[in-house]
A.B. asks: 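I have a structure I would like to understand better, so I am pasting it below and will then ask my questions one at a time.
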2 protein chains.
Amino acid sequence: MKLSKKSEYGLRALLELTLVHGKATLQRHDIAARQRIPVEFLEQILLTLKRAGLISSRRGVNGGYILIKQPNEITLGQVIRILDGPLAPIGCVSKTAYQKCSDCPYANKARCPVQQVMGTVRDAIAGILDHYSLADFAADHPKS
Amino acid sequence: MKLSKKSEYGLRALLELTLVHGKATLQRHDIAARQRIPVEFLEQILLTLKRAGLISSRRGVNGGYILIKQPNEITLGQVIRILDGPLAPIGCVSKTAYQKCSDCPYANKARCPVQQVMGTVRDAIAGILDHYSLADFAADHPKS
DNA sequence: ACTGTTGTTGATAAGATCACTTTACTTTAT
DNA sequence: ATAAAGTAAAGTGATCTTATCAACAACAGT
């Protein structure tokens, strides 16, 4: 039930971008320094987030990264799904990326006890992470 | 946020043992066949559960495995912690196996926004899995 | 005591994932 | 033109997952 470093770093990076949203751009090494993330790994993460349409970048002198959505439009759930895949503990209870468990001895979905519990766990996790936006996230942040 | 196969198989195996609890013992190949688990992997899992004191085994002809606790005394949370480690998404919010994040830029725990959200996620997951016992689990099972 | 069944242990290994690192290329402002 | 900055792909070592295999130990029933 672990969150990967990738997602954690991604969330921290987006937090920094949210804090300067509308005011400035941030370069990768700024983000890396403020959140103590290895720069090269961060690059990979930012690239993924860019492909997903959450941020955009500008090259050259005075370049950097910016959010291209409003902070209250991006939920932590979305970010984690982009970086880590589905929130569900097992594939057969994922709503965004369902896949049936080939080896499950219960032909009918409703009959599998594991699936039932994990379904409620999924709903609990998604209920929190899909209703928590970057804006909420930044609001929890101590003022520098 | 994934549950490992190990935990999933472990839960399925314990489910079978719960279904025959007080009535019979089950041999490893019985459990493996009923839940379609590779026998050798299952053995490893059963051994871990045995060391943790949830089950015991008997050798020789007519041997097998049995639960040595009452099904309502074993929660799914306990089982997953034994097989997969802490339920918390990140180490710094685990209550059973806390470890501080060395690289976190926020010296004070209360100030880290990631930690705050993940703390609520942990509580939600634990709230479900620590209040759901093998007995509840078996009650959801379709009668053969 | 023997025999067959079962449990225990340890070694091994393919494959995936994680957390980066390296290298090379492209774009932009001046 | 050039230096600063971002883009992109490939590679790497460590660890984890998911097993598989073989050898050995223990036990029950005859």
A.B. asks: Mapping B/S57 and B/Q44 to their closest nucleotides on DNA chain C, which lands nearer the 5' end?
C.D. replies: B/S57
A.B. asks: Provide, to the nearest angstrom, the distance between the CD atom belonging to B/Q35 and the P atom belonging to D/dA19.
C.D. replies: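 Checked: the CD to P distance equals 14 Å.
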A.B. asks: What nucleotide among C/dA19, D/dA5, D/dA19 has an atom nearest to a side-chain atom of A/F41?
C.D. replies: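 Per side-chain heavy atoms of A/F41, the pick is C/dA19.
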A.B. asks: If we ignore hydrogens and angles and just use 3.5 Å, is the side chain of B/Q27 paired with the main-chain N or O of B/G63 as donor and acceptor?
C.D. replies: yes
A.B. asks: Round to a whole Å and report the spacing from CG of A/D30 to P of D/dA4.
C.D. replies: 16 Å
A.B. asks: Under 4.0 Å between a side-chain N or O of A/R51 and OP1 or OP2 of D/dT7?
C.D. replies: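 So the side-chain polar atoms of A/R51 never come under 4.0 Å of the phosphate oxygens OP1 or OP2 of D/dT7.
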A.B. asks: In whole Å, what is the span from the CG atom of A/L47 to the P atom of D/dA10?
C.D. replies: 13 Å
A.B. asks: Check A/D136, A/L76, A/L11 against B/V117 for a side-chain contact (heavy atoms from CB on, under 4.5 Å) and give me the one that passes.
C.D. replies: A/L76
A.B. asks: B/K50 NZ to C/dT6 C1': how many Å, rounded?
C.D. replies: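 From B/K50 NZ to C/dT6 C1': 11 Å.
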A.B. asks: Under 4.0 Å, heavy atoms only, any strand: does B/L46 hit a base, just the sugar-phosphate, or nothing?
C.D. replies: nothing
A.B. asks: Inspect the surroundings of NE2 in A/H131 and state if more than 12 heavy atoms from other residues, nucleotides or ligands are less than 6.0 Å away.
C.D. replies: no
A.B. asks: From the set C/dT6, C/dT21, D/dC21, return the single nucleotide nearest to any side-chain atom of B/E40.
C.D. replies: D/dC21
A.B. asks: Would you check if the side chain of B/D84 reaches a backbone N or O of B/S4 as a donor-acceptor pair within less than 3.5 Å?
C.D. replies: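 Indeed, once roles are kept as given, a pair shorter than 3.5 Å links the two residues.
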A.B. asks: Decide whether A/D123 and A/T120 meet the rule of one side-chain donor and one side-chain acceptor closer than 3.5 Å.
C.D. replies: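 No, because no side-chain N or O of A/D123 sits under 3.5 Å from a partner of the opposite role on A/T120.
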A.B. asks: Over how many whole Å does the gap from A/I80 atom CD1 to C/dC18 atom P extend?
C.D. replies: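 That distance rounds to 13 Å.
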A.B. asks: Between A/R58 and A/D84, who's closer to the 5' end of DNA chain C by nearest nucleotide?
C.D. replies: A/D84
A.B. asks: Rounded to whole Å, please give me the gap between CD1 in A/I45 and C1' in C/dT21.
C.D. replies: 14 Å
A.B. asks: Could you state the atom-to-atom distance from CG of A/L3 to C1' of C/dC18 in whole Å?
C.D. replies: 13 Å
A.B. asks: Would you check if A/Y98 and A/C92 make a side-chain contact, meaning some heavy-atom pair closer than 4.5 Å?
C.D. replies: yes
A.B. asks: Using whole Å, what does the distance between atom P of nucleotide C/dT6 and atom CG of B/L42 come to?
C.D. replies: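 Roughly 14 Å, once rounded to whole Å.
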A.B. asks: State, with a plain yes or no, whether a side-chain heavy atom of A/L134 is found less than 4.5 Å away from one of A/F137.
C.D. replies: yes
A.B. asks: Using a cut-off of strictly less than 4.0 Å between a heavy atom of the residue and any atom of DNA chain C, enumerate the qualifying residues of residues 59-68 of chain A by number.
C.D. replies: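 Those residues are A/R59, A/G60, A/V61.
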